[in-house]
Asker: 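Just passing along the structure, written as structure tokens.
Nothing here was measured: the structure is a model prediction, and the numbers come from that model.
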Amino acid sequence: MPSLPAAAALLRHALILGLISAIGPFAIDMYLPAMPQMAQALGASAAEVQMSLTAFFVALGLCQMLYGPLSDRFGRRLPLMVGLGLFVLGSLGCALAPDARTLIAMRFIAGVGACAGMVIPRAVVRDLHTGVEAARLGAMLMLVFSVSPILAPLAGSLVVALAGWRWIFGCIVVLGLLALTLVLTQLQESRPVEARRGTTLAGTLAAVAELLRDGHFRALALTGAFAMSGFMAYLGHSSFVMIEHHGVTPTQYGLLFGLNAVAFIGAAQLNVRLCQRHGLPWVIRRGLAGYLAASALLLALTLAGVDRLEVLVALLFVAYGGLGLVAPTVPVLALDRHGAIAGTASALIGTVQMVCGALVMALVSALGGHAHGALPMVAGVAGCALLASLVGRPALSSAAATPGAIG
């Protein structure tokens, strides 16, 4: 069969890989508006239902370091098909779950599978394209991640209103089956057999050990992890705070969730220009400063008894605008010294981020969750912003002062 023109091939890969990459984010964001209804239907506490989200994040964190080496050793398609199959089975189990414990277990299995769709497409991009084409395809995939936090909660709230929470997982199963069908019928193997022979477990472990010995990398990885954990604290508890505490509808919650995603996306779009003008360390420091200032002010007002939805929404909008400058930029600076093992370094950053976020969500639940209004969630956001600022300060100062550093 004749080769497709370059532009058509790029679009085809973007559509296939974009859908596969969106599986994980949609599986997270789509069921957020239904969490209060799920707790009531299953006779469970808010903390138990929130634990299903924590279990998903733990699975995403732990398995990122698994799928990368597996796809290097056995090719991209086989691990991807196995992962998507697990995702479909786990999501089907969630739709049929009779109690919260089953829901948590099935969400963990779904997370193990979804991780393949978040890790392997990046490797396929590197296999198939280089230079400008690779950058353009990467930008298309990032656009999917940017749109999903806006559309998924709205779609979830609509499904809840029309059919109930179990059908959210039914929709997720359909998306998983569609992605699996695309892999089986449209995605060709991109890693040739001869390229797999040099991949060994010992080499992967050596790369991980090298990264863990690098204090600069450790500090930046933790900076990004704490920064994103502040958003995960909001992710895990905002539906209860806004729907049950402030009385908004699931649809209104979806719109408010999307508003924070807009702040994050809008700030992230400024990254390239600001980094070109001022350098990466400067952008990260300013983003962390705005993130910390807005979240600290929100915490102070909450402690003072100000419990108003508009205040919560406005200050979180500013805080996550600051996060939008930090989240895409920190990994670039962290990987600057590790180009030869960038894949392993990227997976390790993702693992630290997801595990840290899961622990923060569990901690906020242990502090009382929405039973104490917005305070535990707000404290989690502000605490993570503070930790990110403190941990990142030495590494950012060093990077800014190092000749030849990025920016």
Side-chain angles (χ1 to χ4, degrees), residues 24-36 38-39 42 44-64 90 94 100-101 103-112 114-115 118 149 152-153 156 221-245 253 256-257 260-261 264 291 295 298-299 302 312 316 319-320 323 327 349-388:
F26 259 87
I28 294 168
D29 299 333
M30 192 173 180
Y31 92 128
L32 295 179
M35 289 175 72
M38 292 165 62
L42 295 174
S45 67
E48 288 176 308
V49 174
Q50 287 161 343
M51 187 57 65
S52 68
L53 184 60
T54 300
F56 194 86
F57 274 112
V58 169
L60 288 179
L62 295 178
C63 293
Q64 287 199 44
C94 290
R101 289 186 178 180
L103 177 69
I104 293 169
M106 292 297 101
R107 279 296 276 176
F108 182 85
I109 293 173
V112 172
C115 192
M118 299 180 71
L222 287 173
T223 299
F226 285 130
M228 281 303 298
S229 294
F231 181 73
M232 293 181 191
Y234 169 81
L235 194 72
H237 299 84
S238 58
S239 62
F240 289 97
V241 170
M242 293 187 179
I243 295 174
E244 294 195 347
H245 181 67
Y253 168 74
L256 293 173
F257 187 91
N260 286 319
F264 184 92
Y291 186 22
S295 59
L298 179 58
L299 177 59
T302 305
L312 178 68
L316 285 176
Y320 292 137
L323 179 60
I349 288 172
T351 294
V352 173
Q353 185 179 104
M354 291 296 180
V355 172
C356 183
L359 292 175
V360 168
M361 285 192 291
L363 177 60
V364 173
S365 294
L367 292 175
H370 75 294
H372 300 290
L375 180 58
M377 180 185 76
V378 170
V381 175
C384 288
L386 177 61
L387 287 172

Asker: Does Y234 have any side-chain hydrogen bond (donor to acceptor under 3.5 Å, both in side chains) partners at least two apart in sequence or in another chain, and if so, which?
Answerer: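 With sequence neighbours excluded, Y234 shows a side-chain hydrogen bond (donor to acceptor under 3.5 Å, both in side chains) to N260, given in chain and number order.
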Asker: How far apart are the C-alpha atoms of L60 and I28, what are their side-chain angles, what is the distance that settles it, and do they pass the side chain to side chain contact (heavy atoms under 4.5 Å, CB included) test?
Answerer: CA-CA 11 Å; L60 288 179; I28 294 168; 4.0 Å; yes
Asker: When rounded to the nearest 0.5 angstrom, what distance separates SG in C115 from CZ in F57?
Answerer: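 Going from SG on C115 over to CZ on F57, the span is 12.0 Å.
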Asker: For A221, enumerate each residue passing the side-chain contact (heavy atoms from CB on, under 4.5 Å) test, keeping only those at least two apart in sequence or located in another chain.
Answerer: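 Expected list: F217, I349.
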Asker: Looking only at non-hydrogen atoms, find the nearest pair between E244 and P36 and report the distance.
Answerer: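 Closest approach of E244 to P36: OE2-CB, 3.4 Å.
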Asker: How close do P33 and P153 get, counting heavy atoms only, and between which atoms?
Answerer: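 Heavy atoms only, the tightest pair is CG-O, 3.3 Å.
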Asker: For the backbone of G61 and the side chain of Q64, can you confirm whether one donor and one acceptor N or O come within less than 3.5 Å of each other?
Answerer: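 No.
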Asker: Can you confirm whether the side chains of Q50 and S365 place a donor and an acceptor under 3.5 Å from each other?
Answerer: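 Yes, side-chain donor-acceptor contact under 3.5 Å.
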Asker: Aromatic ring centroids of F231 and Y320 under 6.0 Å?
Answerer: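 Centroid distance F231-Y320: below 6.0 Å, so yes.
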Asker: Given L312 and M377, is the side chain to side chain contact (heavy atoms under 4.5 Å, CB included) satisfied, shown in steps?
Answerer: CA-CA 11 Å; L312 178 68; M377 180 185 76; 4.1 Å; yes
Asker: Rounded to the nearest 0.5 Å, what's the gap from CZ on F257 to CG on L32? Could you check?
Answerer: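 One finds 5.5 Å between CZ of F257 and CG of L32.
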Asker: Any chance you could measure S52, atom OG, to L103, atom CG, to the nearest 0.5 Å?
Answerer: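 So the gap between those two atoms works out to 4.5 Å.
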Asker: For I104 and V49, what are the C-alpha separation, side-chain angles and deciding distance, and is it a side chain to side chain contact (heavy atoms under 4.5 Å, CB included)?
Answerer: CA-CA 8 Å; I104 293 169; V49 174; over 6 Å; no
Asker: Test of understanding: with side-chain hydrogen bond (donor to acceptor under 3.5 Å, both in side chains), list the residues that count as partners of T54, not counting sequence neighbours.
Answerer: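 For T54, no residue satisfies side-chain hydrogen bond (donor to acceptor under 3.5 Å, both in side chains) once neighbours in sequence are set aside.
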Asker: Check the pair E48 / L42 against side chain to side chain contact (heavy atoms under 4.5 Å, CB included), numbers first and verdict last.
Answerer: CA-CA 10 Å; E48 288 176 308; L42 295 174; over 6 Å; no
Asker: Got a second to check how far S45's OG is from M51's CE, nearest 0.5 Å?
Answerer: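 Going from the OG atom of S45 to the CE atom of M51 covers 9.0 Å.
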Asker: Might you point out which heavy atoms bring M35 and S239 nearest each other, and give the distance in Å?
Answerer: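 Between these two residues, the closest heavy atoms are CB-OG, 3.8 Å.
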Asker: Can you give me the closest heavy-atom contact between A233 and V364, atom names plus distance?
Answerer: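 Closest heavy-atom pair between A233 and V364: CB-CG2, 4.2 Å.
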Asker: Who are the ring pair (Phe, Tyr, Trp, His ring centres under 6.0 Å) partners of Y31, not counting sequence neighbours?
Answerer: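 Y31 satisfies ring pair (Phe, Tyr, Trp, His ring centres under 6.0 Å) with F169 only.
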Asker: Once you round to the nearest 0.5 Å, how far does CG of L235 lie from CG of D29?
Answerer: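 If we round to the nearest 0.5 Å, L235:CG and D29:CG are 6.0 Å apart.
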Asker: Which atom names give the shortest non-hydrogen contact between A39 and F240, and what distance separates them?
Answerer: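 Taking every non-hydrogen atom into account, CB-CE2, 4.5 Å.
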Asker: For a quick test of reading the model, state the closest non-hydrogen atom pair linking S238 to Y253 and the distance between them.
Answerer: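 For S238 versus Y253, the nearest heavy atoms are OG-OH, 2.8 Å.
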Asker: Restricting to side-chain contact (heavy atoms from CB on, under 4.5 Å), what partner residues turn up for L299, sequence neighbours left out?
Answerer: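 Expected list: L303, L375, V378, A379, A382.
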Asker: Using distance only, find each side-chain donor-acceptor pair of residues 352-360 under 3.5 Å and give its atom names and separation, not counting sequence neighbours.
Answerer:
none

